[in-house]
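Heads up: the structure comes next, in structure tokens.
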There are 2 protein chains.
Amino acid sequence: MTTDLPTIQQNFVESLSQISRFWGFPKGMGAIFGVLYLSPAPLSLDELVEQTGLTKGAISTEVRSLARIGLVHRSTKLGDRKDYYEAETDFYAAIRSILKERQNSEFDRAIRSVRETLSILEAGAGSNGPEWQFTLERVRALQEFFDAIDSLNNAVIKLEKLGFVNVQRILGVLK
Amino acid sequence: MTTDLPTIQQNFVESLSQISRFWGFPKGMGAIFGVLYLSPAPLSLDELVEQTGLTKGAISTEVRSLARIGLVHRSTKLGDRKDYYEAETDFYAAIRSILKERQNSEFDRAIRSVRETLSILEAGAGSNGPEWQFTLERVRALQEFFDAIDSLNNAVIKLEKLGFVNVQRILGVLK
DNA sequence: TACTATGTTTAGTAATTACTAAACATAGTA
DNA sequence: TACTATGTTTAGTAATTACTAAACATAGTA
């Protein structure tokens with residue numbers, strides 16, 4: 001069992017890399033966030049280069065993605081020409097930002113396309129046969145599922161206001 | 001606006017491919033599921049080859065992945081040597097199965113690793129300085145967030161029993 | 001102005017993943 | 001037994017993605 005801090009930190013960063021990769025982000029993104037998250041003070045680009053082993057270019061672009069989804073914030077110090085980066089610690093805020101960002105994503109375009117398909121099918125329901133009806137039913141069922149998931153997404157956002165303990169209580173109702 | 005059924009179906013399958021890709025699965029997987037989902041009867045491997053444009057090999061392996069996560073079921077007919085595949089229509093059942101499957105995944109290994117890190121940090125909290133303490137706080141906060149998300153996953157599973165309408169009502173409480 | 005410290009973009013490479021084509025395995029049938 | 005219809009595995013290719021190295025841009029300083 002390892003008990004020296006640097007090794008522990010390194011393991012943690014490694015875990016975040018894995019998680020990042022699992023969700024389809026570059027593992028470097030997870031590493032950058034991990035390093036920043038464990039740093040008591042904001043870090044410069046060069047410090048990130050040193051601590052993650054990535055090159056300046058990679059850090060530059062990935063840190064921008066992280067900032068775009070709100071997981072990292074960029075700041076500057078007066079009389080210092082470096083940029084400094086620090087991790088968002090309010091994950092609910094970050095999630096809210098990610099979901100907002102997602103509005104324009106390929107994912108949402110696809111979801112919207114399913115919804116449109118459903119409209120077309122509904123519009124033509126009267127003047128078409130059982131095959132059409134079958135397709136309508138299936139697409140509708142999927143759409144309802146998407147809506148349910150979406151409600152849960154909204155719930156995640158609301159968690160922020162409630163706090164974890166209250167959520168546990170509410171979820172208890174579901175038992 | 002397109003209103004012939006084959007085109008509508010094709011669009012739908014295309015959308016599912018996109019969604020599949022977005023979640024880090026091969027887009028072929030989404031296409032296979034889409035075709036099966038819109039088919040009133042189970043389809044054979046050769047029919048899937050025809051309708052998706054993929055090769056036998058690809059279908060063979062991807063349909064196995066889909067079966068493993070419970071989104072597709074394989075069946076046979078007496079006196080027919082083909083396998084037939086059909087889509088799971090109970091998405092909640094599928095999600096339950098996916099979450100179960102996830103237990104062994106890279107993702108969960110990483111999550112567990114964070115939890116172990118937290119234990120080590122907690123164990124050493126008494127005999128270490130403020131740096132250690134800082135790391136402990138941060139890792140703990142992340143762990144709590146993971147736990148909250150996990151509660152929501154469980155909630156998704158429970159949705160099945162409640163139905164969509166009730167869920168909407170419960171989520172209303174959160175407003 | 002030239003120089004320096006910084007961050008960004010770009011062109012290319014390495015690594016990964018999805019997929020194809022074809023060999024292979026197997027169970028059933030003549 | 002040889003043959004056929006099926007599904008699987010394998011070796012390789014195509015496509016995609018993550019990343020590097022280095023050129024570039026720019027704001028500040030001497």
Side-chain angles (χ1 to χ4, degrees), chain A residues 13-14 16-36 42-69 71-86 105-107, chain B residues 13-14 16-36 42-69 71-86 105-107:
Chain A
V13 170
E14 180 66 26
L16 288 200
S17 300
Q18 295 289 109
I19 291 169
S20 175
R21 186 150 74 149
F22 185 86
W23 289 107
F25 301 103
K27 74 187 210 301
M29 252 176 86
I32 293 168
F33 179 80
V35 165
L36 290 175
L43 298 178
S44 71
L45 195 142
D46 278 333
E47 287 167 319
L48 280 172
V49 166
E50 197 186 332
Q51 294 203 33
T52 61
L54 298 172
T55 57
K56 276 204 304 174
I59 305 269
S60 173
T61 59
E62 291 184 357
V63 108
R64 191 146 13 100
S65 306
L66 282 164
R68 194 160 43 83
I69 64 177
L71 272 172
V72 155
H73 302 290
R74 184 189 301 235
S75 61
T76 49
K77 292 180 188 170
L78 276 177
D80 183 340
R81 116 178 38 159
K82 290 197 188 75
D83 287 351
Y84 287 89
Y85 304 95
E86 88 193 289
S105 73
E106 288 305 304
F107 177 72
Chain B
V13 170
E14 181 66 26
L16 288 200
S17 301
Q18 297 289 109
I19 291 169
S20 175
R21 187 150 73 148
F22 184 87
W23 288 107
F25 301 103
K27 72 187 213 302
M29 252 176 86
I32 293 169
F33 179 80
V35 165
L36 289 174
L43 298 178
S44 70
L45 196 143
D46 279 331
E47 286 166 321
L48 281 171
V49 166
E50 196 187 332
Q51 293 203 33
T52 62
L54 300 171
T55 57
K56 277 202 305 173
I59 305 268
S60 172
T61 59
E62 291 184 358
V63 107
R64 192 147 9 103
S65 306
L66 282 165
R68 197 161 41 83
I69 64 177
L71 272 173
V72 155
H73 302 290
R74 184 190 299 237
S75 60
T76 48
K77 292 179 188 171
L78 276 179
D80 183 341
R81 123 181 24 166
K82 290 196 188 75
D83 287 350
Y84 287 89
Y85 304 95
E86 87 194 291
S105 74
E106 289 306 303
F107 176 72

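Per chain, numbering begins at 1; letters A, B, ... match sequence-line order.
Evaluation of the salt bridge (Lys or Arg N to Asp or Glu O under 4.0 Å) rule for B:R64 yields no partner, not counting sequence neighbours. For B:E14, the side-chain contact (heavy atoms from CB on, under 4.5 Å) test picks out B:Q18, with sequence neighbours left out. For B:F33, the ring pair (Phe, Tyr, Trp, His ring centres under 6.0 Å) partners are B:Y37, not counting sequence neighbours.
Residue contacts for B:R21: at a heavy-atom cut-off of 4.0 Å it reaches no nucleic acid atom on any strand shown. B:G53 comes within 4.0 angstrom of the backbone, heavy atoms only, and of no base.
Nearest heavy atom pair, residue A:Q51 against residue A:L43, reads NE2-CD1, 4.2 Å. When all heavy atoms of A:A58 and A:L54 are compared, the pair lying nearest together is CB-CB, 4.3 Å.
In this structure, a donor-acceptor pair under 3.5 Å is absent between the side chains of A:E62 and A:S65.
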Give the dot-bracket line for DNA chain D from 5' end to 3' end: parentheses for intra-strand Watson-Crick or G-U pairs under 3.5 Å, square brackets for crossings, | for inter-strand pairing, dots for unpaired. ||||||||||||||||||||||||||||||
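Residues A:K82 and A:G57 each lie close to DNA chain C; by heavy-atom proximity, the contact nearer the 5' end of the strand is made by A:K82. Toward the 5' end of DNA chain D, the nearer of the two residues A:G79 and A:T55, judged by each one's closest nucleotide, is A:T55.
Residue pairs meeting the salt bridge (charged side-chain N to carboxylate O under 4.0 Å, His left out) criterion with at least one partner in residues 71-82 of chain B, sequence neighbours excluded, are B:R74-B:D83.
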Give the intermediate values and the outcome of side chain to side chain contact (heavy atoms under 4.5 Å, CB included) for residues A:V49 and A:T55. CA-CA 6 Å; A:V49 166; A:T55 57; over 6 Å; no
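Bracketed by its first and final contacts, the part of DNA chain C lying under 4.0 Å from non-hydrogen atoms of chain B reaches from C:dA18 to C:dT29 in 5' to 3' order.
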